[in-house]
Amino acid sequence: MIEVVRVEAAADPSIRALVERYGAQLEECTAAENLPGSYWGESEAGLRANILYVRADTPLHSLLHELSHFVCMTQVRRAGLDRDAGGDDAEECAVCYLQILLADEIPGFGRARMCGDMDAWGYTFRLGDARAWFEKDAADACSWLRHNGVTDENDRPTFRTRP
């Protein structure tokens with residue numbers, strides 16, 4: 001099993017820039033702190049309203065997954081968000097697809113590594129792994145993202161949140 005990429009002691013400036021591009025804030029917590037808004041606890045990223053909480057030991061895939069939830073939820077849900085992003089299965093698929101796209105915005109990370117980290121962490125997909133799902137089975141996620149203005153007609157991020 002591979003060791004997943006973590007945020008580390010100081011988040012790469014590209015991570016903070018990406019989070020801020022969507023109108024969210026990155027809050028780096030100390031190792032001794034529990035992460036506010038974390039659905040799973042432990043080192044998993046937390047989300048409250050527009051603040052994304054991480055520690056040095058937070059997996060980068062978790063940070064991008066929670067950011068993708070922030071992007072994909074409605075403005076009403078975003079305003080009252082504390083821990084549970086909610087949403088339906090279609091939205092969850094869109095979140096997973098978007099986190100893979102956003103991995104390309106982090107120098108040295110990218111979608112191939114993101115897929116490997118998702119597999120190592122235990123994400124499950126019908127085709128067996130994240131890359132196969134992303135490349136061959138995610139048409140519904142792509143359609144959802146385009147329909148909600150999160151990606152363009154070429155499946156590239158628009159860097160806008162869902163209204």
Side-chain angles (χ1 to χ4, degrees), residues 1-2 4-7 11-12 14-26 37-40 43-54 58-78 81 83-163:
M1 181 186 282
I2 66 169
V4 299
V5 175
R6 309 238 177 214
V7 172
D12 185 286
S14 64
I15 296 169
R16 185 173 300 281
L18 177 62
V19 169
E20 291 174 355
R21 195 166 184 186
Y22 281 109
Q25 298 173 24
L26 186 67
S38 178
Y39 186 82
W40 298 107
S43 62
E44 296 295 312
L47 192 55
R48 282 190 176 156
N50 71 329
I51 303 174
L52 183 59
Y53 297 91
V54 298
T58 298
L60 189 49
H61 70 82
S62 177
L63 181 157
L64 291 177
H65 188 85
E66 294 308 314
L67 176 61
S68 296
H69 270 300
F70 176 82
V71 171
C72 290
M73 67 178 56
T74 62
Q75 184 174 354
V76 171
R77 285 180 31 229
R78 211 176 293 120
L81 178 62
R83 187 178 161 270
D84 188 354
D88 57 19
D89 289 342
E91 184 176 312
E92 186 67 29
C93 288
V95 164
C96 289
Y97 194 90
L98 181 60
Q99 82 182 79
I100 294 170
L101 291 179
L102 293 180
D104 286 342
E105 301 298 317
I106 309 299
F109 192 52
R111 62 181 68 173
R113 181 58 196 251
M114 170 63 86
C115 288
D117 282 10
M118 290 170 78
D119 293 340
W121 204 253
Y123 288 69
T124 59
F125 297 96
R126 285 185 297 249
L127 297 183
D129 63 55
R131 182 177 175 186
W133 170 78
F134 181 80
E135 294 175 351
K136 300 174 185 166
D137 192 33
D140 54 342
C142 293
S143 177
W144 191 101
L145 290 164
R146 282 191 302 269
H147 175 77
N148 287 288
V150 176
T151 59
D152 64 18
E153 63 280 353
N154 296 309
D155 299 321
R156 292 183 305 233
T158 60
F159 301 102
R160 292 190 307 262
T161 57
R162 180 181 177 192

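Not measured: the values here are computed from a predicted model.
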Within this structure, what is the [atom1]-[atom2] distance for the pair [X] and [Y], rounded to the nearest 0.5 Å?
| X | Y | atom1 | atom2 | value |
| --- | --- | --- | --- | --- |
| Leu63 | Thr58 | CG | OG1 | 7.5 Å |
| Asp119 | Thr124 | CG | OG1 | 10.0 Å |
| Leu98 | Leu67 | CG | CG | 7.5 Å |
| Ile100 | Met118 | CD1 | CE | 4.0 Å |
| Tyr39 | Glu66 | OH | CD | 10.5 Å |
| Phe70 | Leu64 | CZ | CG | 14.0 Å |

**Request:** Could you list the residues that satisfy salt bridge (charged side-chain N to carboxylate O under 4.0 Å, His left out) with Arg156, not counting sequence neighbours?
**Result:** Asp152
**Asked** Got a sec, which residues hit salt bridge (charged side-chain N to carboxylate O under 4.0 Å, His left out) with Asp140, two or more places apart in sequence or on another chain?
**Response** none
**Prompt:** More than 12 non-hydrogen atoms from neighbouring residues, nucleotides or ligands closer than 6.0 Å to CZ on Arg77, yes or no?
**Reply:** yes
**Message:** More than 12 heavy atoms of other residues, nucleotides or ligands under 6.0 Å from CG of Asp89: yes or no?
**Reply:** no
Taking the side chain as every heavy atom from C-beta outward, state whether [X] and [Y] have any atom pair closer than 4.5 Å.
| X | Y | result |
| --- | --- | --- |
| Pro59 | Trp121 | yes |
| Cys142 | Thr151 | no |
| Trp144 | Arg162 | yes |
| Asp117 | Phe109 | yes |

**Message:** Can you tell me how the ring of His65 sits relative to the ring of His69, calling it parallel under 30°, perpendicular over 60° and tilted otherwise?
**Reply:** perpendicular
**Asked** In terms of ring plane angle, is the pair Trp133 and Tyr97 parallel, tilted or perpendicular, where the classes change at 30° and 60°?
**Response** perpendicular
**Message:** If we count only N and O atoms by modelled type, under 3.5 Å, do the side chains of Glu44 and His61 hold a donor and an acceptor together?
**Reply:** no
**Request:** Could you walk me through whether Phe134 and Asp129 pass side chain to side chain contact (heavy atoms under 4.5 Å, CB included), step by step?
**Result:** CA-CA 9 Å; Phe134 181 80; Asp129 63 55; over 6 Å; no
At their closest point, which heavy atom of [X] faces which heavy atom of [Y], and how far apart are they?
| X | Y | answer |
| --- | --- | --- |
| Ser68 | Val95 | CB-O, 3.6 Å |
| Arg6 | Ser43 | NH1-OG, 3.7 Å |
| Cys72 | Leu145 | SG-CD2, 3.8 Å |
| Ser62 | Ala45 | OG-N, 2.9 Å |

Distance-only donor-acceptor pairs under 3.5 Å for side chains of residues 16-26, two or more places apart:
unit_1: Arg16; atom_1: NH1; unit_2: Leu26; atom_2: O; d: 3.0
unit_1: Arg16; atom_1: NH2; unit_2: Glu28; atom_2: OE2; d: 2.6

